[in-house]
Amino acid sequence: MRRIILALTFALTLTTSLLAQEQSIAVSRVYDIEDLKGVMLLDEVSASALKPELASLYEELEGATYLERSSGKHLSLFIGSYSVKDQAWRLHIRSDFFSREDLFDVEFLLPYSDVLGKRFVEVGKMTEAQLADYEEKVTLYDELIHTKENVLQAELFFKIFRWTGSSEYYFVPVECNIINANLKNKVVYSLDEKILEAKKVQLLPKQEVRSEGEIIQDKRRAQLLLSKNFEIETENRLSENNTESQTETPSSSETEKTQKIGRREFLVQVSAEKADWVYESFNDIRAMQPLIQGSFCFSIFPFLYAGLGVGFKAYVNSFYIDGFAGLNYRLGSVINPFAQVGIKAFTDNTLDLHAGGGIDFNLGPMVLMLGYDYNWSFDLNTGNEKEMNGIQIGAGLSW
């Protein structure tokens, strides 16, 4: 009996090796498994001894990602006529794995711009020169891909898993691309994953060599694989949604980071100073002493900034340099309160120490500022001191 089994094994192995010359690697491995199962069904004693070999063949089958190209025997690429309306060729890719033409069978439009690896405007928006160049290239490329073999090629990456039923397998396309041989075999188009449909493959005759426990285990494996694929698809959808929402609303970490950034802006501001805030007549308002200043602020640490300004004090006809530093905390994306101290050195030998605060209103790249300063002024020539209250308004750019 053992000799008969060995003879049958040899005959099946020889048949499989001949079939392998005409089949893809993936399909050949499946047939190797089915041939071994056929031998196991002939003798229950030998079946137990051959189970480790069967497990090894399953592991080899499922552990690989397979590649087939339309330049080979098992994947076909059909190129239809060019559509002027769609600015694309209609393509049809079909496989013949397991003698089934519907296992992988997709149709789609391949844009003209992708074939050439360039982007073009719509036909209706082209100039006469662009339209003439476009029509010439379409004619040449249409003739080229229909007369010369393998200018455009399809490549398909896929996996195969054992499945739940007897002699049942699961075909999973992973990726499908179009290659342009004229562009150094560059991938010019990749099919959307949503149209890459996984399918069951039922081989005949059905051969069952599993125990009840092994059947249950295979069903669990299949459910786990399907749930993993579902989780991946869900994660991809959530990632896409998060990417879209992030373009509209900053995340909490981004908001926190923004709140910590010190003032970063260029301002032109006008100040008016007065010893007190009592206004009894219009002349009191006119008596306010104006200053104009341009200043640049930059962030040095979280919540901390420094700046340098150059200004002119009109009522004494004196230029000055202002160095200052302060703290700020952004409340959302618009309001940015701050407090700062600084020193001004005037060309009339006067020094001003100032402390105050205010609010920046960030309106996109623009910023408006309202502020208050308490100034202690010291005249180096006379030794005189005076105190002034100042109000400020400014406008500029922020980043």
Side-chain angles (χ1 to χ4, degrees), residues 258-331 334-399:
T258 301
Q259 288 172 337
K260 292 180 179 180
I261 295 174
R263 292 174 79 199
R264 299 185 303 188
E265 56 200 32
F266 172 75
L267 279 174
V268 175
Q269 65 189 53
V270 176
S271 303
E273 296 180 346
K274 195 175 185 295
D276 58 59
W277 297 107
V278 179
Y279 297 94
E280 296 180 351
S281 68
F282 181 72
N283 288 332
D284 289 334
I285 299 176
R286 292 178 61 189
M288 295 183 71
Q289 300 169 359
L291 297 85
I292 184 168
Q293 175 176 324
S295 58
F296 173 74
C297 306
F298 53 92
S299 176
I300 53 178
F301 291 109
F303 310 114
L304 183 62
Y305 68 93
L308 186 66
V310 177
F312 179 69
K313 200 169 187 176
Y315 69 94
V316 293
N317 198 29
S318 176
F319 289 93
Y320 65 89
I321 295 176
D322 182 17
F324 55 91
L327 299 169
N328 70 287
Y329 185 81
R330 297 176 184 267
L331 303 175
V334 177
I335 299 175
N336 184 21
F338 64 90
Q340 66 183 32
V341 295
I343 183 169
K344 296 175 183 174
F346 291 83
T347 55
D348 64 352
N349 292 330
T350 303
L351 290 178
D352 273 14
L353 300 177
H354 60 92
I359 299 176
D360 287 336
F361 298 93
N362 296 97
L363 308 173
M366 294 187 61
V367 60
L368 301 177
M369 183 272 292
L370 294 175
Y372 163 80
D373 256 351
Y374 174 80
N375 297 271
W376 176 80
S377 182
F378 180 75
D379 191 324
L380 298 176
N381 294 325
T382 64
N384 294 332
E385 301 177 10
K386 63 179 179 179
E387 299 175 9
M388 304 286 284
N389 294 288
I391 56 173
Q392 306 161 344
I393 59 172
L397 298 174
S398 178
W399 58 91

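Computed from a predicted model, the values in this text were never measured in an experiment. In this chain, numbering begins with 1 at the start of the sequence shown.
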Worked check of side-chain contact (heavy atoms from CB on, under 4.5 Å) between R264 and Y305: CA-CA 8 Å; R264 299 185 303 188; Y305 68 93; over 6 Å; no
Side chain proximity check, S295 to F324, heavy atoms < 4.5 angstrom: yes
Intermediate values then yes/no, side chain to side chain donor-acceptor pair (under 3.5 Å), N336 and N328: CA-CA 7 Å; N336 184 21; N328 70 287; 3.0 Å; yes
F266 side, atom CZ; F298 side, atom CZ - distance, nearest 0.5 Å: 14.5 Å
Full working for side-chain contact (heavy atoms from CB on, under 4.5 Å) between N389 and Y372: CA-CA 8 Å; N389 294 288; Y372 163 80; 2.6 Å; yes
Reported CG-to-CG distance for the pair N317 and D348, which is rounded to 0.5 angstrom: 9.5 Å
Atom CG of L351: over 12 foreign heavy atoms under 6.0 Å: yes
Spatial distance of atom CG (L327) from atom CG (L304) [nearest 0.5 Å]: 5.5 Å
OG1-CG distance between T350 and L380, expressed to the nearest 0.5 angstrom: 6.5 Å
Distance-only donor-acceptor hits, side chain of residues 356-366, under 3.5 Å, sequence neighbours excluded:
unit_1 : atom_1 : unit_2 : atom_2 : d
D360   : OD1    : R263   : NH2    : 3.3
D360   : OD2    : R263   : NE     : 2.8
D360   : OD2    : R263   : NH2    : 3.3
N362   : ND2    : S398   : OG     : 3.2

Stepwise side chain to side chain donor-acceptor pair (under 3.5 Å) check, S377 with N375: CA-CA 6 Å; S377 182; N375 297 271; over 6 Å; no
Shortest non-hydrogen separation from T347 to S318 and the atoms involved: OG1-OG, 3.0 Å
pair Q293-Q392: side-chain heavy atoms closer than 4.5 Å: no
Spacing of CZ belonging to F296 relative to CG belonging to L267, to within rounding of 0.5 Å: 11.0 Å
Under 3.5 Å: donor-acceptor pair, side chain of S271, backbone of L291: no
Interatomic spacing from NZ in K313 to CG in D352 - rounded to 0.5 Å: 4.5 Å
